[in-house]
Asker: 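There's a structure below that I have some questions on.
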Amino acid sequence: MEVGAPLRAAFTNETMRRRDFNFALIAAASSLALRRMQTPLRVNGTRLNSNLKALSEFGKNPQGGVSRVAYSDADRQGREFVMQLMRDAQLDVTVDAAANIIGKRKGTDNSIPPLLFGSHIDSVPEGGNYDGDVGSLGAIEVAQTLAENRIPTRHPLEVVVFQNEEGGLIGSAAISGQLTEKELDLVSRSGKTIRDGIKFLGGDPTRLKEVNRSSGSIAAYLELHIEQGGILEQEKIDIGVVEGIVGINWWDVTIEGFANHAGTTPMNQRQDALLAAAKFIEAVNRVVTSVPGRQVATVGRIQALPGAPNVIPGKVVMSLELRDLDGARIASLYQQIRNEANQIAAASKTKFDFKEINVNVPAPTDARIRKLISDSAGELHLKTRLMPSGAGHDAQDMARLAPVGMIFVPSIGGISHSPKEFSRPLDIENGANVLLLTLIKLDRATL
Ligand SMILES: [Zn+2]
């Protein structure tokens with residue numbers, strides 16, 4: 001007993017120590033699990049903003065922005081950088097025949113259509129560091145966050161970086177089957193034709209049919225983007241929930257009058273095309289502001305011929321542009337403008353001719369996705385507002401194939417397509433978190 005007691009005591013102490021140790025281990029492990037459950041899933045904003053900074057080195061211009069036009073060397077180098085970020089995010093990276101970059105991640109059910117999200121990284125000449133880049137790197141950051149936290153999704157995911165957005169939504173047009181042979185021969189801002197540009201980026205313009213996806217083959221498309229206008233900043237709102245991308249209709253308007261001597265032709269005998277044009281421009285403004293709504297109309301280009309101080313203008317060629325979310329409204333405003341033109345023509349003895357140049361149909365976003373975006377922003381205690389996108393985006397091509405959603409973050413001073421373009425790091429992080437939470441909700445929802 002005398003001998004046994006300390007032994008037993010020692011044994012007991014050892015057991016206790018082990019038991020404490022085990023208990024401590026269990027406690028630590030469960031607190032880690034608990035912390036995982038309690039720490040809400042968020043992107044790494046510091047990493048996202050530093051990646052944006054790194055991307056801005058490719059095609060950097062002296063004014064502080066980038067000139068990374070599609071198919072330039074800078075574009076190709078920027079894409080290499082982005083593809084490496086995608087691989088780091090454990091995405092399976094490919095370049096499709098239209099030269100879009102696609103980073104895939106498997107779902108738990110690969111028999112269902114994928115969820116797509118992304119943007120573009122090409123810029124206008126003397127552009128900024130945020131247009132397209134925020135959405136592209138935001139999407140990669142979301143994929144990285146899912147990978148690091150080992151969050152599975154039911155849908156397969158595809159992060160898409162569309163090529164040549166600024167030159168006419170070329171990459172997304174290929175996916176939606178709208179890219180024509182004629183467009184392939186257009187010379188882009190890089191000096192290369194689109195056809196040569198696609199080859200330059202590793203695509204194959206002879207195999208474009210392969211990238212054309214059918215309606216229903218994509219579960220949904222999400223895009224994060226800077227607002228490019230000043231409403232969110234002015235109203236101190238964190239997140240814009242995009243209602244849709246406005247339709248844009250362009251016409252060339254030609255007015256035929258009669259060119260005559262400015263000194264010898266009395267005022268009541270003139271057929272002054274420029275005077276008719278002036279009345280027309282006023283009428284366009286009057287018609288478009290006569291009804292409530294956010295429709296806009298612009299006459300942005302005008303040329304009077306022959307263009308001499310001492311000759312009554314015999315001919316005017318000008319542009320007319322109408323934008324709205326509702327195609328029917330555009331059509332009705334256009335009809336009223338035509339009626340006004342008829343009256344002006346009769347009164348001024350001139351002739352108006354309207355030639356349709358370009359039509360981009362409005363692309364409404366999906367109401368269910370808009371709600372998921374608002375709910376996600378709400379969870380993050382961010383203020384939202386619904387707003388149209390007055391600028392074009394790849395999302396409008398994707399809207400032909402799938403329900404789409406767009407998330408806007410503020411552009412300081414409403415400046416875009418300029419080296420002065422700026423979005424605050426926190427706003428960018430917020431936008432990426434909204435993208436993350438929306439994607440997860442979308443994955444669980446059945447649209
Ligand atoms: Zn853009």
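First listed ligand is number 1; within each ligand, the first listed atom is number 1. Throughout, numbering of the chain's residues begins at 1 and tracks the sequence.
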Asker: Taking the ring centre of each residue, are F58 and F81 less than 6.0 Å apart?
Answerer: yes
Asker: How close do G65 and P419 get, heavy atom to heavy atom, and via which atoms?
Answerer: N-CB, 3.6 Å
Asker: Can you give me the closest heavy-atom contact between R154 and D443, atom names plus distance?
Answerer: N-OD2, 2.9 Å
Asker: How close do S423 and I428 get, heavy atom to heavy atom, and via which atoms?
Answerer: O-CD1, 3.6 Å
Asker: Can you list, by chain and residue number, the protein N, O or S atoms under 2.8 Å from the Zn ion (ligand 1)?
Answerer: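 Listed by chain and number, the atoms are H120 NE2, D131 OD1, H225 NE2.
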Asker: Please name the residue in the list R294, R385, R370 that meets the salt bridge (Lys or Arg N to Asp or Glu O under 4.0 Å) test with E243.
Answerer: R294
Asker: On the ring face of F200, is R76 found with NZ or CZ under 6.0 Å from the centre and within 45° of the axis?
Answerer: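 Cation-pi check for R76 and F200: passes.
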